There are 2 protein chains.
Amino acid sequence: MKRMRRIGTEESATRALLLDATEQLMLDEGYAAVSTRRVAKQIGLTPALVHYYFPATDDLLVAVYRRAVDKTVERLRTAISSEEPLHALWRFSTDADCTALAMEFMAMANHRKAIRAEIASSAERVRTMQAAALSKLAFDKDPNGCDPLGVAALVVGIGRLLVMEGALGIALGHDRVRDIAEHWLDSLEPRQETTGDARADAPAYGRPQRAGRRGN
Amino acid sequence: MKRMRRIGTEESATRALLLDATEQLMLDEGYAAVSTRRVAKQIGLTPALVHYYFPATDDLLVAVYRRAVDKTVERLRTAISSEEPLHALWRFSTDADCTALAMEFMAMANHRKAIRAEIASSAERVRTMQAAALSKLAFDKDPNGCDPLGVAALVVGIGRLLVMEGALGIALGHDRVRDIAEHWLDSLEPRQETTGDARADAPAYGRPQRAGRRGN
DNA sequence: GTCTATAATCAGATAGAC
DNA sequence: GTCTATCTGATTATAGAC
């Protein structure tokens, strides 16, 4: 049995720093900006140290992804346990911050096998969870053949559409898409009037531009 | 005025070959596989020759994109001039071959400024064209606030959702999404019964897996 | 047109000193 | 834990021969 290379512990503060730096780099400049050198530089350390915690670069990326999924699942769990899970899911999906990182990973999955496998295995789990939260809606009466799974996939997909295009500078028709989507959501999950004033939670989706985005 | 570097003509057959090879490489292995070396190798030429026709790599990518947009616009034009433009647009957007390349460019745009600018300028043009084709539909009567622009954006977006997730190996709920979408389309643009037999054109969207996809 | 040769970066990954 | 030093290989891009 050959001598294994040394590797950092999961509890290390430095390891967490590396994950933070990688995530931030992806959000600021896109996943293509991620390299052991750039990540290390970002927090004033050396590339070799990155390899100490993450032997291969894919290990780093997968770790970032897993942590992000865990965080998302947690936030999602509280969101969809609300009175109006469908509208909560919509707000969640149209929130740029929640979705931008997911988009980066989807883009990255196109040419990183490890990430693709990770996404495929987590996506169905999350979607199933979302569908479960929508199962209390009265889809039986829906005249359009809607069901929890399809609605979950659609709502999240439309949210991503808006966020993704927004990041590219495309906005034509977005107002109308939002109108149609929200009208549809209202029909599936009627808003319950509270005290008569305007509803408390405005749509989270505003101007989707990212802060520090730089080109190539 | 400094001496300009030599550059190949637009009519060159070799230039067209380079564009073909680049496009194929993007579809087979993802945009990240595109480099002057890989492209040149693919057709048995040298990297330097790529730079002869396309001084910078971005020039090559933009040229591929422009050519693809032109081709798409042409196919789209004939498609949506049919009797049922909305259903035609749906079939177009759910066709993996038509959409896969677009997805690659969208992913690439996340970190290539030149591509992002190109996409932003072409996307609105295409969407406007699609919306125009849908303007003959009776949206005035639509109880859900649908309008051509929003419907165009939504239909294409949902199609892309299916294609994109399919490429990642995600399929959970896709059948239901397709059901919901097609039911919606039928309500917006009622199918006209022909001679009573099954409708001629089946949905184009089947198994979305790409052929030669390789990881990392 | 197409090539060879080369410069200048940048990447991933490892060994071994401290 | 963190570093320096190094190997290896890929990439963009240019100059100049043929």
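In what follows, chains carry the letters A, B, and so on, assigned in the order in which the sequence lines appear, proteins first and then strands, with residues in each chain numbered from 1. Computed from a predicted structure; not experimentally measured.
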Taken to the nearest whole Å, CG/B/L61 to P/D/dA13 is 10 Å

Considering only side-chain heavy atoms of B/L49, which listed nucleotide, C/dA15, D/dT2, C/dG1, is closest?
-> C/dG1

B/R37 CZ - C/dA5 P separation (whole Å) = 13 Å

Kindly say if A/T14 contacts the phosphate of D/dG1, meaning a side-chain N or O under 4.0 Å from OP1 or OP2.
-> no

side-chain N/O A/Y52 vs D/dT2 OP1/OP2, d < 4.0 Å | no

Closest listed nucleotide, where the reference is the side chain of A/T9 and the choices are D/dG1, C/dT2, C/dA13 = D/dG1

Taking the side chain of A/A48 as its heavy atoms from C-beta onward, which of C/dT4, C/dA13, D/dT4 lies nearest to it?
-> D/dT4

How would you label the contact of B/S12 with the nucleic acid (heavy atoms, under 4.0 Å): base, sugar-phosphate, or nothing?
-> nothing

Yes or no on side-chain contact (heavy atoms from CB on, under 4.5 Å) for A/L61 and A/F54, after CA distance, side-chain angles and deciding distance?
-> CA-CA 9 Å; A/L61 296 170; A/F54 307 96; over 6 Å; no

Could you check whether B/S35 gets within reach of a base, just the sugar-phosphate, or nothing at all, counting any heavy atom under 4.0 Å?
-> sugar-phosphate

Quick one: do B/L161 and A/L161 satisfy side-chain contact (heavy atoms from CB on, under 4.5 Å)? Show the steps, please.
-> CA-CA 8 Å; B/L161 169 74; A/L161 169 73; over 6 Å; no

Take the protein atom CD1 of A/I7 and the nucleotide atom C1' of C/dA13, then report the distance between them rounded to whole Å.
-> 14 Å

Expressed in angstrom and rounded to an integer, what is the separation of B/H111 atom NE2 from C/dA11 atom C1'?
-> 14 Å

For D/dT11, does either OP1 or OP2 sit under 4.0 Å from a side-chain N or O belonging to B/T57?
-> no

Side-chain ion pair, B/E74 and B/K71, N-O less than 4.0 Å = no

With a non-hydrogen cut-off below 4.0 angstrom, is A/Y53 in contact with a base, only sugar-phosphate, or nothing?
-> sugar-phosphate

When the nearest nucleotide of DNA chain C is assigned to B/G44 and to A/P47 on a heavy-atom basis, which residue is associated with the more 5' position?
-> B/G44

Whole-Å distance between D/dA13 P and B/L60 CG?
-> 11 Å

Distance in angstrom units between B/D59 CG and D/dA13 P, rounded = 8 Å

Any donor-acceptor N/O pair under 3.5 Å between C/dT14 base and A/R6 side chain | no

Atom-to-atom span, NZ of B/K41 to P of C/dC3 - whole angstrom = 15 Å

Over how many whole Å does the gap from B/R38 atom CZ to D/dA13 atom P extend?
-> 18 Å

Listed nucleotide nearest any side-chain atom of A/T46, set D/dA13, D/dC3, C/dA13 = D/dC3

With no hydrogens and no angle check, do the side chains of A/S122 and A/Y65 hold a donor and an acceptor under 3.5 Å apart?
-> yes

Cationic N near anionic O, under 4.0 Å, A/R127 to A/E124 = no

